[in-house]
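Every chain is numbered from 1 and lettered A, B, ... according to where its sequence line falls, protein lines coming before strand lines.
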Amino acid sequence: MTHVVILSALQLRRATALSRYIDQFTEAGATQVSVITLGPLSHWRDEDPTAHVLDPTIQRRRGGRNPWHKSKVARLTLRGPRWHMNRLLRKDRIARELLASADIVYVDQPTAVLAAWHAARAQGTVPYVTSTTRVLQMLQSSSANAA
Amino acid sequence: MTASTPHLIYIAWGFAPARTGGVYRAVATANAFAEAGWKVTVVAAPAEAYERYVGVDISMSNAVDPRVTVERVPFTWATQETDVREFPRSRALLGSRNYNRIRSRLDRLTFPENNYGQWRGALENALELIHDRDPADLVVATANPNVDFQGAYHLHKKAGVPFVMDYRDGWRLDVFDGGYLFPEKSRVGRLEKKYLQAAHEVWFVNDAIREWHRKEYPFAADKMQVVMNGWDPALFGERNVALPVANPDAPRFGYLGTITPKVPLEALMKGWTLAKAQDHIPAASTLEVGGYLGYFATPRGDLATLLDDARDAGVTFIGQVHKGQVAEFYERQDALVLALGEGRYVTSGKVFEYVATGKPIVSVHAPTNDSSNVLRDYPLWTAVPDVTPEAIATTLGDTVKLLHSATTADYARAHDAGETLRRDAQLSPRIGSLTEEVTA
């Protein structure tokens with residue numbers, strides 16, 4: 001049994017790419033795919049696993065009139081999504097449990113890297129990778145070993 | 001080293017089992033020197049680096065002559081690392097984008113080449129050790145990456161070992177548009193001039209690139225030689241004359257090669273779809289595409305989407321084709337599609353393999369591309385007048401007509417044309433001359 005967790009910093013965005021990854025990982029032999037995202041997603045399919053959202057209220061707080069400036073400022077400070085996601089992931093029990101049960105963690109976005117880096121160091125041997133190809137290779141080789 | 005066994009150090013960052021473009025030439029050159037009686041030490045990056053960053057073709061390892069020694073010099077490509085645990089703290093804190101920008105600048109401090117520049121120190125140390133252990137009579141460095149030239153120059157300066165620069169590409173020359181990638185007075189320009197002054201010989205893959213360099217560096221014009229690519233006899237085993245197509249109503253087209261953003265893939269897919277829609281080619285025609293998508297181990301999503309969209313029109317993408325499976329791939333095709341980027345300085349290594357098959361070839365590249373010069377006398381050749389979907393569709397139709405009309409005699413002539421383009425025929429004059437000079 002191979003459990004893949006997708007750790008994504010997506011927020012308020014189309015989730016079609018994530019859906020494609022779920023299909024690819026399942027096809028390659030993953031028995032369970034879980035998704036952790038920073039914010040709520042759109043275009044989620046019925047058959048996709050329910051994503052665990054770290055900050056469901058992020059949409060409300062980002063209703064300012066000048067989103068570009070606001071997000072740019074946020075990106076360059078410790079209030080930015082990278083740091084925000086790192087703090088949320090550390091405190092979120094469900095997310096930590098999901099990561100603890102994972103065999104492979106796919107880190108989907110550069111914004112998720114800080115949180116992933118801390119989690120990877122805390123967790124020890126579970127591979128955290130930023131390439132879908134590598135995830136697919138690992139899944140295929142574990143399927144081959146099992147066979 | 002003995003008087004009768006000259007020692008060659010061959011510097012090639014990408015060597016077997018890497019799946020990068022120049023590996024066939026690198027392996028063939030090292031093998032040819034070994035065959036000519038040289039003791040050959042190849043200096044290359046570790047296989048793990050290929051696995052992580054550019055992809056590997058394990059079957060390539062068997063292609064290396066057992067007499068060739070390969071020394072692996074450590075190389076890490078920090079910006080291509082995909083294992084989060086291997087990320088340094090700075091990358092986690094700064095974010096990948098900022099980290100990559102800073103890291104690329106730092107890498108270029110030691111040598112002005114993105115990503116590969118940092119290899120300089122390790123390469124120079126390794127070369128010194130090898131030369132101390134077993135003094136070299138000659139160094140051949142193949143580029144790109146151009147840091148390979150620095151290794152050869154370093155050993156020349158340090159120990160007076162003559163060296164050959166083998167250009168598979170341009171350094172200051174943009175082979176696609178003929179412009180300058182770096183100005184004459186730049187750091188790259190100054191380095192290239194210094195290397196060319198010191199080099200014993202300089203090899204180029206085609207005459208157009210040599211002419212460009214002759215004009216830019218007239219002082220080194222006499223050292224400049226053309227050592228064309230060619231096809232490797234080991235790849236095909238015993239060559240047989242191809243036979244006319246048994247079922248021209250369901251022709252099988254094939255494309256094999258690395259698909260980079262320079263390859264007109266979008267125009268080809270549109271042209272193919274159009275050719276079917278306008279009945280230029282039979283409805284049962286298929287196009288099988290093999291190779292990597294992009295330069296790196298991770299395939300490019302945009303190129304994959306283009307291929308996926310044309311699936312209903314009979315296009316299948318089969319991914320990487322290992323060296324050991326190449327002959328089989330060509331065997332099952334009726335005609336081969338040669339899609340290349342624009343540029344009169346570009347001669348694809350693939351064109352030689354295509355010619356070796358003796359099968360009809362349809363060129364999907366600008367007529368000015370240097371591959372047209374290789375194919376000009378090939379009897380089973382059709383070429384697009386320009387790279388537009390309409391022209392591609394019409395030319396594919398012409399190729400189907402050719403499949404109907406070509407006779408056994410045409411296929412025999414195509415087979416003979418291929419014989420002249422073997423790689424060993426290109427390499428042996430230069431190796432013979434260098435052997436004479438070294439052993440004299």
Side-chain angles (χ1 to χ4, degrees), chain A residues 5-9 16-21 23-24 28 71-72 74-78 80-87 89-90 99 102 104-138 140-141, chain B residues 17 19 47-58 76-104 258-259 291-309 311 317-320 322:
Chain A
V5 172
I6 300 176
L7 186 60
S8 167
T16 41
L18 287 185
S19 300
R20 201 169 67 237
Y21 299 147
D23 292 345
Q24 285 178 347
S71 63
K72 189 173 181 183
R75 229 179 30 242
L76 298 172
T77 64
L78 295 184
R82 282 190 303 122
W83 304 86
H84 185 50
M85 181 159 180
N86 183 37
R87 278 194 292 269
L89 194 71
R90 262 208 313 249
L99 291 174
I104 302 167
V105 179
Y106 167 57
V107 185
D108 176 46
Q109 304 249 296
T111 304
V113 162
L114 182 63
W117 187 74
H118 280 294
R121 283 162 64 93
Q123 211 168 328
T125 55
V126 177
Y128 279 64
V129 294
T130 56
S131 152
T132 49
T133 314
R134 274 190 85 180
V135 175
L136 294 172
Q137 281 167 350
M138 284 190 267
Q140 278 153 5
S141 68
Chain B
R19 62 100 203 166
E48 301 82 59
Y50 305 144
E51 222 166 87
R52 282 184 164 205
Y53 314 126
V54 296
V56 294
D57 178 353
I58 295 299
T76 50
W77 193 337
T79 55
Q80 285 279 321
E81 182 58 65
T82 57
D83 184 347
V84 174
R85 196 168 282 109
E86 298 291 322
F87 288 2
R89 180 181 292 271
S90 52
R91 182 164 178 183
L93 295 175
L94 289 167
S96 293
R97 206 168 140 196
N98 291 329
Y99 173 80
N100 289 351
R101 202 176 296 162
I102 294 166
R103 178 69 205 228
S104 290
T258 301
I259 304 170
Y292 267 88
L293 299 179
Y295 295 106
F296 304 115
T298 311
R300 283 180 65 118
D302 53 343
L303 302 173
T305 308
L306 284 173
L307 289 163
D308 209 37
D309 290 347
R311 206 191 293 179
F317 174 61
I318 57 165
Q320 185 190 9
H322 292 284

Subject >> Interface moiety of Glu81(B) toward chain A, non-hydrogen atoms closer than 4.5 Å >> reply: both

Original post:
What part of Leu94(B) is in contact with chain A, defined as an atom under 4.5 angstrom from a non-hydrogen atom: side chain, backbone, both or neither?
Top reply: backbone

Original post:
Atom OH of Tyr128(A) and atom CG of Asp83(B): how far apart are they, to the nearest 0.5 Å?
Top reply: 11.5 Å

Original post:
If you measure from CH2 on Trp117(A) to CZ on Arg89(B), what distance do you get to the nearest 0.5 Å?
Top reply: 4.0 Å

**OP:** Using side chain to side chain contact (heavy atoms under 4.5 Å, CB included) as the criterion, list what pairs up with Ile318(B), not counting sequence neighbours.
**Re:** Glu288(B), Val321(B), Phe329(B), Arg332(B)

Subject >> Pairs of heavy atoms under 4.5 Å with chain B: top-ranked of Thr111(A), Asn86(A), Val126(A) >> reply: Val126(A)

Original post:
With the threshold set at 4.0 Å, does a side-chain nitrogen-carboxylate oxygen contact exist between Arg311(B) and Asp308(B)?
Top reply: yes

